[in-house]
Amino acid sequence: MLLSFARTLRYPVSLLIIVLLLSGCTSPSSSSTTSEATPKRLTLLFNVQSNTIDPHTDVNYTASRAGISETLVKVDDQQQLQPWLATSWESKDGQHWTFQIRPDVTFHSGTSVDAQAVKDSLERVIQNNPAIRNALHIDKITAKGQTLQIVTDTPLPQFPSELVHPNTGIIDTAVDAGTPSGTGPFVLTQFKPGIEVDVKRNPTYWDGQVKLDEATFSFNEDANARLLALQSGNADVVYRFPVESLSQLQTDPNLVIESVPGLRAHQLIYNMNHTHLAKLPVRQAIDSLLNRQEIVDAVMSGQASVAKGPFLTDSPFSPPYTDKPFDIQRARTLFAQAGYTVSNGVVTDNGTPLTFKLITYQSRAELPLIAQLLQANAAQLGIKLEIQQVDNTDEYLAENKDWDMAIYSFITAPRGDASYLLNSVYTPTGGLNYGQVKDAQLNTLIQQLNQTVDGDQRNRIAQQAVEMIDRNLLHSYIIHPNNFVAHQKNVSGWVTSKSEYYMLTKDLDVN
């Protein structure tokens, strides 16, 4: 009992015994004083490790998630942009931008945050991160007092949404970025690459009192190890526990389970250069073989929602989507309409059964299971899906042309704007256009979106583009997996966000 209690508090047993003995020899008032002096400390266990904490180059956004760095703009769970280190921004043409930098903010180093400091930070990320440089298209930055003016090399109406990206976190460039000095509620005390980040309260935080004294942001990619840490009390908050353990955890009175729809979509990519898949009825037929509800219930244990399109249905850029029922007989009918032979329920092309190569990957354990369910349903039509798992999916899909379909996953609206998905996936030069989508009418709409500044008008154009994607079934969107987290009952102020950008916040507390 004593050993278990000691582990929970993370103190050596010998030290705990001394404390207990001393407490028996002191007055209640001195005991109360000792209790009040105990630091409030929390450990969060995350599922992806990081080998750097430089906010400008870390692809896992650890400095943002650990509450060290902050950006000019943030996104809320309604996918709306909100002021953060910038109090406001404006542009009349989408190319010349004026930002007002929040006054009375200091870096952890004690240096004031003015427009020049923001300029220095943005120039550093542009120099060190090619992806951010290409996304921001910054041509010129000028700074005066708290006013920052930015000119992009092309009209970029979605520019503020790009500044939500955690890699644009504002840091003091006079301090080594290996131990970044940000503006967040927590100050870095120690970083162990691939293991953990230790932080302490920022006593001069601009946005109010920080409740925790200390916190540790730990990494462990083993889902079962994260589960054991939660159950033993060695972790206070655990991100993405094994989904199959959900029912067990829900019965534990000492734990709280949180699950919210995420901005990620699991999808089926079609290679549009494939002879069969270039035909809309064939894509519709294959889509009819996706039992989305079964995937939500059986594969995800209910921790997902059926995807009707790339974005959640309550997204400001989601149109009314077309129903996509699971219907094997409908698939047979569609194949017949496309000119294929359907005999005794089996689909053939000039007497030859159809065969497709389906790519997937293991780092999201549910994706191969989704592929296997699709494979089993296709087999009922005599269609063979050859599943191949690869390690680096993006690299494989970009460099190889021998695949026909792929089960893939990514966050479709990470920064509160539809243009990220539309430009990267559906334009001819898009970095994520693995399916080689070439649709002139859709591309015209996307270019119109890229020229439009007004937010409401942008949403209307985005809805038209997404409706076209939906109608032509350029991808099959399958499910939106939830972000699910478990934490100890004494943790308060935790928010499981859709964006996954903000985790250690000023309101997080242990009671």
Side-chain angles (χ1 to χ4, degrees), residues 8 40-50 60-68 74-79 166 184-186 196-197 199 210-212 214-266 296 299-305 312 363-366 409-411 414 479-511:
T8 302
K40 287 189 173 186
R41 195 176 190 289
L42 178 142
T43 295
L44 185 151
L45 193 50
F46 194 58
N47 63 308
V48 179
Q49 68 174 12
S50 181
N60 294 317
Y61 317 142
T62 307
S64 173
R65 288 168 168 162
I68 297 169
K74 70 187 306 185
V75 63
D76 62 23
D77 277 354
Q78 285 70 50
Q79 296 177 277
F186 293 100
E196 67 182 30
V197 180
V199 297
V210 181
K211 295 182 178 179
L212 288 174
E214 303 169 351
T216 295
F217 193 100
S218 293
F219 314 113
N220 196 315
E221 295 184 347
D222 187 330
N224 290 318
R226 296 197 302 274
L227 175 64
L228 291 174
L230 177 72
Q231 293 174 321
S232 67
N234 287 325
D236 300 295
V237 181
V238 168
Y239 214 78
R240 293 199 183 99
F241 52 83
V243 68
E244 61 270 17
S245 65
L246 175 65
S247 58
Q248 172 193 357
L249 295 178
Q250 287 175 328
T251 63
D252 190 330
N254 297 313
L255 298 177
V256 175
I257 311 300
E258 291 193 6
S259 182
V260 301
L263 302 178
R264 180 177 296 275
H266 293 353
V296 168
V299 177
M300 299 299 297
S301 298
Q303 298 306 297
S305 59
L312 296 171
S363 59
R364 286 192 168 269
E366 66 268 24
S409 177
F410 81 113
I411 299 177
I479 62 168
H480 297 294
N482 287 8
N483 294 333
F484 45 92
V485 177
H487 63 76
Q488 306 292 343
K489 195 172 183 179
N490 67 332
V491 173
S492 62
W494 169 263
V495 176
T496 304
S497 69
K498 291 180 179 179
S499 70
E500 307 178 39
Y501 288 163
Y502 321 115
M503 295 185 183
L504 296 186
T505 68
K506 71 180 180 68
D507 296 319
L508 197 54
D509 199 1
V510 287
N511 302 312

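Bear in mind that the values here come from a model prediction, so they are computed numbers and not experimental data. The figures here come from the full heavy-atom set of this structure, side chains too, leaving out hydrogens, waters and symmetry mates.
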Heavy-atom side-chain proximity of [X] to [Y] below 4.5 angstrom:
X: F186; Y: K506; answer: no
X: V510; Y: L212; answer: yes
X: D236; Y: L44; answer: no
X: K489; Y: L255; answer: no
X: E214; Y: V199; answer: no
X: Q248; Y: Q231; answer: yes
X: S305; Y: I479; answer: no

So which of L227, V256, V238 actually passes side chain to side chain contact (heavy atoms under 4.5 Å, CB included) with L249?
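Single side chain to side chain contact (heavy atoms under 4.5 Å, CB included) partner of L249 among L227, V256, V238: L227.
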Which distance, rounded to the nearest 0.5 Å, do you find between the CZ of R65 and the OG of S50?
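Rounded to the nearest 0.5 Å, the CZ-OG separation comes out at 9.5 Å.
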How many angstroms lie between atom OG of S499 and atom CD1 of I411, to the nearest 0.5 angstrom?
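Atom-to-atom, S499:OG and I411:CD1 are 8.0 Å apart.
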Holding to ring-ring contact (aromatic ring centres under 6.0 Å, His included), I want the full list of residues that pass it with F217, two or more places apart in sequence or in another chain.
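Result, ring-ring contact (aromatic ring centres under 6.0 Å, His included) vs F217: F46, F219.
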So N224 and F241, side-chain contact (heavy atoms from CB on, under 4.5 Å) or not? Walk me through it.
CA-CA 7 Å; N224 290 318; F241 52 83; over 6 Å; no
Which of these passes salt bridge (Lys or Arg N to Asp or Glu O under 4.0 Å) with D509: K211, R41, K40?
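The single option meeting the salt bridge (Lys or Arg N to Asp or Glu O under 4.0 Å) with D509 is K40.
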Pair H480-L312, side-chain contact (heavy atoms from CB on, under 4.5 Å): steps then yes or no
CA-CA 8 Å; H480 297 294; L312 296 171; 3.5 Å; yes
Might you point out which heavy atoms bring [X] and [Y] nearest each other, and give the distance in Å?
X: P261; Y: N482; answer: CA-OD1, 3.6 Å
X: L508; Y: M503; answer: CD2-O, 4.1 Å
X: L504; Y: P185; answer: O-CG, 4.1 Å
X: S218; Y: T43; answer: OG-CG2, 4.2 Å
X: E366; Y: V299; answer: CB-CG1, 3.6 Å

What verdict does the side-chain hydrogen bond (donor to acceptor under 3.5 Å, both in side chains) test give for T62 and N60, after you've listed the backbone C-alpha separation in whole Å, the side-chain angles of each residue and the deciding distance to 0.1 Å?
CA-CA 6 Å; T62 307; N60 294 317; 5.4 Å; no
Using only atom types and a distance under 3.5 Å, with no angle test, would you say the side chain of [X] pairs donor to acceptor with the backbone of [Y]?
X: S64; Y: Y61; result: no
X: Q488; Y: A235; result: yes
X: Y502; Y: V75; result: yes
X: D77; Y: K498; result: yes

Regarding K74 and the six-membered ring of Y501, is the cationic atom NZ or CZ under 6.0 Å from the ring centre and inside 45° of its axis?
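Negative - K74 is either too far from the ring of Y501 or too far off its axis.
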Side-chain donor-acceptor pair present, [X], [Y], cut-off under 3.5 Å:
X: W494; Y: T496; result: yes
X: D507; Y: T505; result: no
X: Q303; Y: S259; result: yes

Would V491 and L42 count as a side-chain contact (heavy atoms from CB on, under 4.5 Å) if you check the C-alpha gap in whole Å, the side-chain angles of each, and the deciding distance to 0.1 Å?
CA-CA 8 Å; V491 173; L42 178 142; 4.0 Å; yes
Got a sec, which residues hit salt bridge (charged side-chain N to carboxylate O under 4.0 Å, His left out) with R240, two or more places apart in sequence or on another chain?
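Scan of R240 (salt bridge (charged side-chain N to carboxylate O under 4.0 Å, His left out), adjacent residues dropped) gives E500.
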Under the side-chain contact (heavy atoms from CB on, under 4.5 Å) rule, what do I257 and L246 come out as? Steps first, then yes or no, please.
CA-CA 8 Å; I257 311 300; L246 175 65; 3.7 Å; yes
